[in-house]
Amino acid sequence: ISQLNNKNAKIIFIERDQELVTQFLVTHVIKKGYKKIAFIGGNASGWVTVARVNAFKNTLRQHGLAFNKQRVVNNNFYAQDGYDGVLHLLERNVEFDAIIAINDRVAQGVIRGLIDVVEESTKIGVASCEHFTESIFNNPRITSVDHNLKDLSKLTVETLISLVEGSEMVEEAQKILPRLVLGESI
């Protein structure tokens, strides 16, 4: 829970920790043995993308891995963008052994792109910073991070009710932690 105060209003909002979910995922991918990790998806000027790319870069460095800006492709948030991102990396001869996608939809496109243009014997891992529930039907299932939206939604409603009932103070919320969803993609 965060609060902004200005002269006209007190604004209370609940936000997801975009850096934490990315650190969590990148650390998992590194522990699986991947070292040349690319990042695909997102709008380069959007706050979610900026937070996730910064966390990606910092987590690589914390684990002693080099950050290569050529391995970052910011285009958008859809499957076609994942597919196009793979082509972009390959056309520029950028080496990578895993790809972190900004979300499951982009990861779907990444997987399709890898299937269409990379040799079958090449094992490239794919993981996603944001789990979508329908992704359980993907083949392969995508390793991703569930942001625990159910608990975040519950916290939002409880906070709203508390404020409507006249509470002046918003208590500091317990940090709602993400959950790793293991799939076959990495």
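For the numbers below, each heavy atom of this structure counts, side chains included, while hydrogens, waters and symmetry mates do not.
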Do [X] and [Y] have side-chain heavy atoms sitting under 4.5 Å apart?
{"X": "Tyr78", "Y": "Val106", "value": "no"}
{"X": "Leu89", "Y": "Phe96", "value": "yes"}
{"X": "His63", "Y": "Thr27", "value": "yes"}
{"X": "Asn43", "Y": "Asn74", "value": "no"}
{"X": "Phe39", "Y": "Ile99", "value": "no"}
{"X": "Ile124", "Y": "Asp97", "value": "no"}
{"X": "Ile102", "Y": "Ile40", "value": "no"}
{"X": "Cys129", "Y": "Val145", "value": "no"}

Exercise for review: Test Leu25 against Ile100 for side chain to side chain contact (heavy atoms under 4.5 Å, CB included), laying out the working first.
Suggested key: CA-CA 8 Å; Leu25 182 64; Ile100 302 284; 3.9 Å; yes
Work out which heavy atom in [X] is nearest to a heavy atom in [Y]; give both atom names and the distance.
{"X": "Ala127", "Y": "Ile186", "result": "CB-CD1, 4.2 Å"}
{"X": "Ile142", "Y": "Ala107", "result": "CD1-CB, 3.7 Å"}
{"X": "Val50", "Y": "Ala44", "result": "CG2-O, 3.4 Å"}
{"X": "Tyr34", "Y": "Leu65", "result": "O-CD1, 4.2 Å"}

Practice item. Give the cluster check for Val26 versus Val181: same hydrophobic cluster or not, with ILVMFWY residues linked at side-chain heavy-atom distances below 4.5 Å. Key: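 Unlinked, Val26 and Val181 end up in two clusters.
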Exercise for review: Consider only side-chain heavy atoms of I, L, V, M, F, W and Y, link residues closer than 4.5 Å, and tell whether Val94 and Tyr83 are in one cluster.
Suggested key: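 Yes, one cluster joins them.
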Output yes when a side-chain donor or acceptor of [X] lies under 3.5 Å from a complementary backbone atom of [Y], and no otherwise.
{"X": "Ser128", "Y": "Asp104", "result": "yes"}
{"X": "Asn76", "Y": "Gly42", "result": "no"}
{"X": "Asn148", "Y": "Leu177", "result": "yes"}
{"X": "Asn103", "Y": "Arg105", "result": "yes"}
{"X": "Arg112", "Y": "Ala79", "result": "no"}

State the [atom1]-[atom2] distance between [X] and [Y], to the nearest 0.5 angstrom.
{"X": "Leu87", "Y": "Arg92", "atom1": "CG", "atom2": "CZ", "result": "10.0 Å"}
{"X": "Asp81", "Y": "Gln108", "atom1": "CG", "atom2": "CD", "result": "12.0 Å"}
{"X": "Glu184", "Y": "Asn139", "atom1": "CD", "atom2": "CG", "result": "7.0 Å"}
{"X": "Leu180", "Y": "Phe24", "atom1": "CG", "atom2": "CZ", "result": "5.0 Å"}
{"X": "Ser144", "Y": "Ile136", "atom1": "OG", "atom2": "CD1", "result": "11.0 Å"}

Flag if over 12 foreign heavy atoms under 6.0 Å of [atom1], [X]:
{"X": "Lys57", "atom1": "NZ", "result": "yes"}
{"X": "Glu134", "atom1": "CD", "result": "yes"}
{"X": "Gln70", "atom1": "CD", "result": "no"}

Is it the case that [X] and [Y] place a side-chain donor and acceptor less than 3.5 Å from each other?
{"X": "Asn54", "Y": "Glu19", "result": "no"}
{"X": "His28", "Y": "Thr143", "result": "no"}
{"X": "Asn58", "Y": "Gln62", "result": "no"}

Review point. What is the ring orientation for Phe67 with Phe56, classed by angle as parallel under 30°, tilted 30 to 60°, or perpendicular over 60°?
Key: perpendicular
Point to revise | Option among Arg52, His147, Glu130 that satisfies the side-chain hydrogen bond (donor to acceptor under 3.5 Å, both in side chains) test with Gln18 | key: Arg52
Exercise for review: Could you give me the CA-CA distance, side-chain angles and deciding distance for Val86 and Ile111, then say whether side chain to side chain contact (heavy atoms under 4.5 Å, CB included) is met?
Suggested key: CA-CA 9 Å; Val86 168; Ile111 290 169; over 6 Å; no
